[in-house]
Amino acid sequence: MAYQNAYSAYQKNNVSTASQGRLVVLLYEGAVKHLTAAKNLFGQENKLKPNQIEQFGIHIQKTQAIITELQVSLDMEKGGEIAKNLMSLYLFFNEELMNANINQDKEKVSSVLKMMSDLADVWRTIANSTANAPATKVPNAVNIVG
């Protein structure tokens with residue numbers, strides 16, 4: 001129990017002191033973590049066991065919450081074409097994950113996981129360069145990423 005409290009405190013501090021770019025990376029990393037966990041629940045013949053369906057749904061829903069947080073953080077006025085493209089991509093991800101959750105579709109999870117991993121790599125590069133302005137407070141970020 002003490003370990004969990006220490007980890008939560010570390011995670012909260014990590015988020016509250018992160019740059020804006022690093023916050024985006026943390027969100028992507030959380031999405032990748034949950035998508036990987038959801039994908040790993042599939043057994044032989046790409047099927048979920050009945051006792052794992054709920055856990056699969058939880059991972060998908062947490063990923064969708066992260067994607068929604070990424071959506072609402074977009075500055076559509078200043079972001080121009082990039083923000084519009086990211087919004088379209090996030091809408092696509094959420095639709096694919098909704099279908100994956102309903103149909104227990106490992107391929108859709110894998111597809112979104114690959115794209116989210118690629119975007120996380122790009123954002124890591126950005127966060128390590130010019131996007132290191134102080135972050136604004138994001139009160140739900142700790143709950144979404146964890």
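Position 1 is the first residue of the sequence; numbering continues from there. Only heavy atoms go into these numbers, but all of them, side chains included; no hydrogens, no water, no symmetry mates.
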Inset, instruction - With rounding to the nearest 0.5 Å, note down the distance linking CG in D121 to CD1 in I126. - result: 11.0 Å
Inset, instruction - Look up atom CE in M115 and atom OH in Y28, then write down how far apart they are to the nearest 0.5 Å. - result: 11.5 Å
Inset, instruction - Provide the closest heavy-atom pair for T63 versus A31 in the form atom of the first, atom of the second, distance. - result: OG1-O, 3.8 Å
Legend entry - Shortest non-hydrogen separation from A38 to I60 and the atoms involved: CB-CD1, 4.0 Å
Legend entry - Distance (rounded to the nearest 0.5 Å) between E69 CD and Y90 OH: 11.0 Å
Inset, instruction - Before giving the answer on side-chain contact (heavy atoms from CB on, under 4.5 Å), spell out for Q55 and L48 the whole-Å C-alpha distance, their side-chain angles and the decisive distance to 0.1 Å. - result: CA-CA 10 Å; Q55 194 62 39; L48 290 172; over 6 Å; no
Inset, instruction - Might you work through the side-chain contact (heavy atoms from CB on, under 4.5 Å) test for L91 and E95, ending with a clear yes or no? - result: CA-CA 6 Å; L91 291 170; E95 185 174 332; over 6 Å; no
Legend entry - Common cluster, I82/L70, ILVMFWY with side-chain heavy-atom separation under 4.5 Å: yes
Inset, instruction - Find out if a path of hydrophobic residues (ILVMFWY) with successive side-chain heavy-atom gaps under 4.5 Å connects V122 to M87. - result: yes
Inset, instruction - Using a strict cut-off of less than 4.0 Å between a Lys/Arg side-chain nitrogen and an Asp/Glu carboxylate oxygen, indicate whether R22 and E29 qualify as a salt bridge. - result: yes
Inset, instruction - Could you grab the distance from atom CG of L119 to atom CZ of R124, nearest 0.5 Å is fine? - result: 11.0 Å
Inset, instruction - Go through the steps for L35 and F93 under the test side-chain contact (heavy atoms from CB on, under 4.5 Å), then give the verdict. - result: CA-CA 11 Å; L35 288 172; F93 288 163; over 6 Å; no
Legend entry - Common cluster, V72/L89, ILVMFWY with side-chain heavy-atom separation under 4.5 Å: no
Legend entry - Donor on one side chain, acceptor on other, N94 and Q71, under 3.5 Å: yes
Inset, instruction - State yes or no: do V109 and F92 share one hydrophobic cluster built from I, L, V, M, F, W and Y residues joined by side-chain heavy-atom distances below 4.5 Å, directly or via other members? - result: yes
Inset, instruction - Decide whether M98 and L113 are clustered together by the hydrophobic rule: side chain heavy atoms of Ile, Leu, Val, Met, Phe, Trp, Tyr closer than 4.5 Å, transitively. - result: no
Legend entry - Minimum-distance pair of heavy atoms, taken over all atoms of A127 and V25: CB-CG2, 3.9 Å
Inset, instruction - Identify the two heavy atoms, one from W123 and one from V24, that lie closest to each other, and give their separation to 0.1 Å. - result: CD2-CG1, 3.4 Å
Legend entry - Derivation and outcome, salt bridge (Lys or Arg N to Asp or Glu O under 4.0 Å), residues E45 and K106: CA-CA 10 Å; E45 300 177 20; K106 182 180 180 181; over 6 Å; no
Inset, instruction - To the nearest 0.5 angstrom, please state how far the CG atom of L27 sits from the OG atom of S73. - result: 7.0 Å
Legend entry - CD on Q64 to CD on E96, rounded to 0.5 Å: 11.0 Å
Legend entry - Contact summary for Q52 and L41, nearest pair of heavy atoms: OE1-O, 3.0 Å
Legend entry - From H34, K39, K33, residue fulfilling side chain to side chain donor-acceptor pair (under 3.5 Å) relative to H59: H34
Legend entry - Taking every non-hydrogen atom, the tightest pair across N101 and G57: OD1-CA, 3.5 Å
